[in-house]
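Everything below concerns the one structure shown next.
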Amino acid sequence: MGVGHIKVGTASSRFAAWIASGFILVAIFLPFVAGRSLLQDLFFIFSMLVLTQWWNLLAGYGGLVSVGQQAFVGIGAYAMFGSVILGNVDPVVSILIAGFAAFVLSVPTAFLAFRLHGAYFAIGTWVIAEVMRLGVAQWKAVGGGTGTSLPRSATRDMWFVDGISVLFDVKTSAARDILAYWLSLFLMVTTIAVIYWFLRTRRGLALFAVRDNSQAAQSVGINDFISKLIVYFMAAFGTGLAGGLIYLQKARISPDSAFSVLDWTAYVIFIVVIGGIGTLEGPIVGVLVFFLLQSLLSDFGSWYLMTLGVIGIAVMLFAPKGLWGLFTERTGMELFPTRRQLVIPEKET
């Protein structure tokens with residue numbers, strides 16, 4: 001027998017890498033041929049995919065089921081608005097400030113939330129988000145409870161807008177949509193790449209062990225608290241970036257919208273559950289299904305929400321691992337494999 005080696009990739013994952021590379025290349029040049037409406041739809045898909053991937057890392061891999069991720073969306077969005085309005089910072093740069101603001105918020109809230117477990121942790125994160133919403137509503141400099149809009153001068157003069165406007169021969173508003181689309185594409189690709197890289201590191205392997213059996217993981221020296229804390233901080237930072245970008249594109253903010261549990265947590269959970277929690281592919285499938293359902297049913301008011309609920313229940317009953325999990329069980333295909341396999345080549349004769 002020869003010397004063994006660890007193998008992670010599969011034939012399907014290598015093929016998927018080529019497909020993904022082609023998709024990214026096409027997506028970069030899409031604004032040259034696509035209309036503004038399509039770019040706005042793709043911005044929604046990409047930004048929601050970022051939010052779902054971070055929640056999936058938190059809950060699907062870290063076992064931390066949070067219903068308060070809107071806290072990081074909201075604080076990131078308000079940090080972006082505050083830095084633009086009060087600090088005259090360019091809105092593009094302010095997206096980074098949004099991520100760091102969410103990270104800063106996650107430090108004290110982690111030591112409060114981590115004292116709770118299971119359903120109490122979930123409720124605790126929602127309470128934290130509500131406290132943040134009520135607190136931000138008192139911030140008069142950014143509109144208080146009624147909210148505010150980004151200054152026209154800031155959105156008109158932000159980085160790259162003039163160049164995009166000249167390149168595509170479009171108005172400033174259309175140039176902003178193209179810039180927001182490119183930023184969302186970059187953030188989506190970076191998010192998936194970072195999470196996939198993290199899951200393949202030793203810390204990611206430790207996270208799998210903690211999720212599968214916390215006591216067994218601790219018995220071999222894995223620090224349960226540190227592993228989950230790192231994931232919590234990562235998810236906060238990434239969610240804050242997404243919040244800043246989403247409200248850069250909206251250019252209008254209010255506490256109720258920025259800290260909406262429906263928009264930034266309930267829909268995110270629905271997407272991950274129907275796609276497949278604990279997989280990188282699941283949120284991708286889920287966000288496409290969610291966008292299709294929203295496009296077809298959003299005009300039906302409360303019936304739309306009832307339909308989402310029925311679909312969610314049906315998937316949990318008949319496909320507990322989600323649509324992607326059901327597909328993987330029948331085909332064995334994995335686009336983002338994380339399981340390590342020991343390959344021992346046969347000895348040559």
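Heavy atoms only: backbone and side chains are in, while hydrogens, waters and symmetry mates are out. All residue numbers in this chain count up from 1 along the given sequence.
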| task | Verify, without hydrogens or angle tests, whether Arg115 (side chain) and Phe111 (backbone) share a donor-acceptor contact under 3.5 angstrom. | result | yes
| request: Decide side chain to side chain donor-acceptor pair (under 3.5 Å) for Thr201 and Trp197; before the verdict, give the C-alpha distance in whole Å, the side-chain angles of both, and the deciding distance to 0.1 Å. | output: CA-CA 7 Å; Thr201 64; Trp197 165 81; over 6 Å; no
| task | Measure the shortest side-chain to side-chain distance between Leu293 and Phe270 over non-hydrogen atoms and say whether it is less than 4.5 angstrom. | result | yes
| Between Asn56 and Ile277, does a side chain to side chain contact (heavy atoms under 4.5 Å, CB included) hold up when you go through it step by step? | CA-CA 6 Å; Asn56 184 47; Ile277 191 169; 3.6 Å; yes
| query | Any link between Phe225 and Leu64 through a network of hydrophobic side chains (Ile, Leu, Val, Met, Phe, Trp, Tyr) touching at under 4.5 Å? | reply | yes
| Taking it one step at a time, do Thr52 and Tyr267 satisfy side chain to side chain contact (heavy atoms under 4.5 Å, CB included)? | CA-CA 9 Å; Thr52 54; Tyr267 286 157; over 6 Å; no
| said: Is any side-chain heavy atom of Thr328 closer than 4.5 Å to one of Glu281? | reply: no
| field | More than 12 heavy atoms from other groups under 6.0 Å of CH2 on Trp126 | value | no
| request: Quick one: closest heavy-atom pair of Ala77 and Gly243, and the distance? | output: CB-O, 3.7 Å
| said: Would Phe43 and Asp177 count as a side chain to side chain contact (heavy atoms under 4.5 Å, CB included) here? Give the steps. | reply: CA-CA 9 Å; Phe43 173 86; Asp177 282 344; over 6 Å; no
| said: Run the side chain to side chain contact (heavy atoms under 4.5 Å, CB included) test on Leu57 and Gln53 for me, step by step, so that the C-alpha distance in whole Å, both residues' side-chain angles and the decisive distance to 0.1 Å come before the verdict. | reply: CA-CA 6 Å; Leu57 176 67; Gln53 288 289 3; over 6 Å; no
| said: Restricting to non-hydrogen atoms, name the atom on Gly276 and the atom on Pro283 that form the minimum distance, rounded to 0.1 Å. | reply: O-CD, 4.1 Å
| note | All heavy atoms of Val84 vs all of Asp90, minimum pair found to be CG2-C, 4.4 Å
| task | Flag the pair Phe198 / Val231 as yes when at least one side-chain heavy-atom distance between them is below 4.5 Å, and no otherwise. | result | yes
| request: Identify the heavy atoms of Gly244 and Met80 that sit nearest to each other, and give their distance. | output: O-CE, 3.5 Å
| query | Which atoms form the tightest heavy-atom contact between Ala113 and Phe121, and what is the distance? | reply | O-CD1, 3.2 Å
| query | Would a 4.5 Å heavy-atom cut-off, applied to side chains only, mark Leu30 and Leu185 as touching? | reply | no
| request: Please confirm whether the backbone N or O of Leu187 pairs with a side-chain atom of Thr191, one donor and one acceptor, at under 3.5 Å? | output: yes
| message | Quick check against the 3.5 Å criterion: does Thr125 have a side-chain atom that pairs as donor or acceptor with the backbone of Val67? | response | yes
| task | Please indicate whether Phe318 has more than 12 foreign heavy atoms, meaning atoms of other residues, nucleotides or ligands, lying under 6.0 Å from its CZ. | result | no
| Residue pair Trp55 / Ile269, side-chain heavy-atom distance below 4.5 Å | yes
| task | Write down the atom of Met48, the atom of Asp263, and the distance for their closest heavy-atom approach. | result | CE-O, 4.0 Å
| query | Sub-3.5 Å donor-acceptor pair from the side chain of Tyr181 to the main-chain atoms of Pro31, do we have one? | reply | no
| query | Got a donor-acceptor contact below 3.5 angstrom from the Trp264 side chain to the Phe259 backbone? | reply | no
| Tyr232 and Thr109, any side-chain heavy atoms less than 4.5 Å apart | yes
| message | Could you check whether atom CZ of Phe100 has more than 12 heavy atoms from other residues, nucleotides or ligands sitting under 6.0 Å from it? | response | no
| More than 12 heavy atoms of other residues, nucleotides or ligands under 6.0 Å from CZ of Phe186: is that the case? | no
| query | Within a strict 4.5 Å, meaning less than it, do heavy atoms of the Met132 and Tyr78 side chains meet? | reply | no
| query | Rounded to the nearest 0.5 Å, what separation is found between the CG atom of Leu49 and the CD1 atom of Ile45? | reply | 9.0 Å
